[in-house]
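Here the structure is laid out as structure tokens; the discussion comes afterwards.
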Number of protein chains: 2
Amino acid sequence: MKRNSRLSLALHTLSHMAGDPDHVRTSVDIADHAGTNPVVVRRVLGRLREAGLLISEKGHAGGWRLARSPNLITLADVYLALDESLVATEKDEHSPTCSVEHALHRRVSSVMKEIEQSLIERLSETTISEVRGE
Amino acid sequence: MKRNSRLSLALHTLSHMAGDPDHVRTSVDIADHAGTNPVVVRRVLGRLREAGLLISEKGHAGGWRLARSPNLITLADVYLALDESLVATEKDEHSPTCSVEHALHRRVSSVMKEIEQSLIERLSETTISEVRGE
DNA sequence: ACATAACGTAACTTTACTAGTTGCGTTAAT
DNA sequence: ATTAACGCAACTAGTAAAGTTACGTTATGT
């Protein structure tokens with residue numbers, strides 16, 4: 001499948017839930033709709049549960065549903081819950097680098113942090129209810 | 001090695017060149033300094049040559065040097081030359097999707113394009129000369 | 001002329017990450 | 001007790017980037 005599909009899967013699923021919040025969905029149903037595997041669904045939605053966006057219930061009539069009203073869940077909430085960083089963060093590994101590289105890294109990192117922050121701000125302007133009717 | 005290191009390699013190399021623009025460097029020297037392989041260097045710097053930022057010369061005394069003054073080369077020039085997109089672009093593949101997914105994709109894509117644009121603007125504010133002395 | 005030292009490029013291997021899959025334990029409704 | 005769901009660990013498969021090898025081309029210098 002494509003890469004970086006966790007955010008797509010999460011947003012897609014939550015958008016559908018926003019349209020019918022009382023409907024409890026199983027990971028199998030969600031996976032079928034999204035064209036993926038139930039374990040992958042549980043993996044991704046599990047992050048959203050940890051972040052308090054979703055509730056999952058085990059057992060016979062179990063499944064997934066929103067933890068709060070869909071107009072109180074923004075795209076930023078989902079993005080942050082997944083710890084995604086669509087903005088590639090420079091992963092520093094090699095400690096013993098030259099001074100030029102240090103200066104560069106500082107400069108680029110600060111720009112990337114700014115950008116990431118403004119991305120989050122923009123995403124927080126839209127709720128998962130709103131996105132449906134765009 | 002780490003992922004997405006092309007931009008790091010390119011910026012690092014150009015910053016050094018900015019400090020001594022007349023010095024012609026071989027891909028072996030550059031690779032040694034950056035802790036990578038000469039072929040990788042030629043691959044990455046080749047993109048910068050295509051974009052008109054670098055000049056390479058073959059033969060005995062060949063090597064790499066800046067194509068213009070380092071204070072006329074911005075971080076954005078390098079970023080664009082590599083066609084990097086640090087901002088993850090949603091790669092759409094599956095044509096037959098539901099309407100909710102379409103609406104989502106439009107919304108997220110438009111935000112990402114905005115963000116990418118502001119990243120480029122920020123990067124264009126710094127030249128490879130300036131970054132050294134930060 | 002010829003040897004040398006550089007780039008250019010194609011083809012292959014390695015590495016790292018993500019998605020996908022299998023299997024099994026746990027939980028709760030019927 | 002059976003069934004149908006999640007939770008999770010472990011493994012496999014696919015993919016993209018880096019790394020490597022090999023060889024051709026080009027220009028310099030003796």
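Protein chains get the first letters and strands the later ones, always in sequence-line order, with residue 1 at the start of each. Treat the numbers as computed from the prediction; the structure is a model and nothing was measured. Computed over heavy atoms, backbone and side chain alike; hydrogens, waters and symmetry mates excluded.
- Side-chain N/O atoms of A:S56 include none lying less than 4.0 angstrom from OP1 or OP2 on D:dA5.
- Taking atom CG on B:L7 and atom C1' on D:dA18, their separation rounds to 16 Å, with Å as the unit.
- Remark: side-chain polar atoms of B:S27 are not paired, donor with acceptor, to backbone N or O of B:R42 under 3.5 angstrom.
- B:S109 contributes no side-chain N or O that, together with a main-chain N or O of B:R106, makes up a donor-acceptor pair within less than 3.5 Å.
- Residue B:I30 contributes atom CD1, which lies 16 Å from atom P of D:dA18 at whole-angstrom precision.
- Residues A:G62 and A:E50 both approach DNA chain D. Their nearest nucleotides, taken by heavy-atom distance, put A:G62 toward the 5′ side.
- In this structure, the nucleotide among D:dA5, C:dG20, D:dT20 sitting nearest to the side chain of A:T26 is D:dA5.
- One finds no salt bridge joining A:E130 and B:R107 here, because no Lys/Arg side-chain nitrogen approaches an Asp/Glu carboxylate oxygen to under 4.0 Å.
- For B:N37, whose side chain is taken as the heavy atoms from C-beta onward, the closest listed nucleotide among D:dA5, D:dG19, C:dC7 is D:dG19.
- Taking for each of A:G59 and B:S27 the nucleotide of DNA chain C with the nearest heavy atom, the 5'-most of the two is the partner of B:S27.
- Which of C:dA5, C:dT9, C:dA29 sits closest to the side chain of B:V39 comes down to C:dT9.
- Counting only heavy atoms from C-beta on, B:H60 has its side chain closest to D:dA27 among D:dA27, C:dG8, C:dA6.
- Rounded to an integer number of Å, the gap from CZ of A:R42 to P of C:dT21 is 13 Å.
- Put simply, CZ on A:R47 is 14 Å from P on D:dG7, counting in whole angstrom units.
- For B:H23 and B:H16, the side-chain atoms include no donor-acceptor pair closer than 3.5 Å.
- Rounding to whole angstrom units, CG of residue B:D32 and P of D:dG19 are separated by 13 Å.
- A:L82 has its CG atom 12 Å from the P atom of C:dT18, to the nearest Å.
- At the phosphate of C:dG8, OP1 or OP2 sits under 4.0 Å from a side-chain N or O atom of B:R49.
- From B:L9, atom CG reaches atom CZ of B:R43 across 11.5 Å, with rounding to the nearest 0.5 Å.
- Distance CG (B:L45) to P (C:dT9): 13 Å, rounded to an integer number of Å.
- Between D:dA18, C:dT21, D:dA4, one nucleotide has an atom nearer to the side chain of A:R43 than all others, and that is C:dT21.
- Rounded to whole angstrom, the span from the CG atom of A:D29 across to the P atom of D:dA5 amounts to 8 Å.
- Nearest to the side chain of A:K58, among C:dT27, C:dC7, C:dG20, sits C:dT27.
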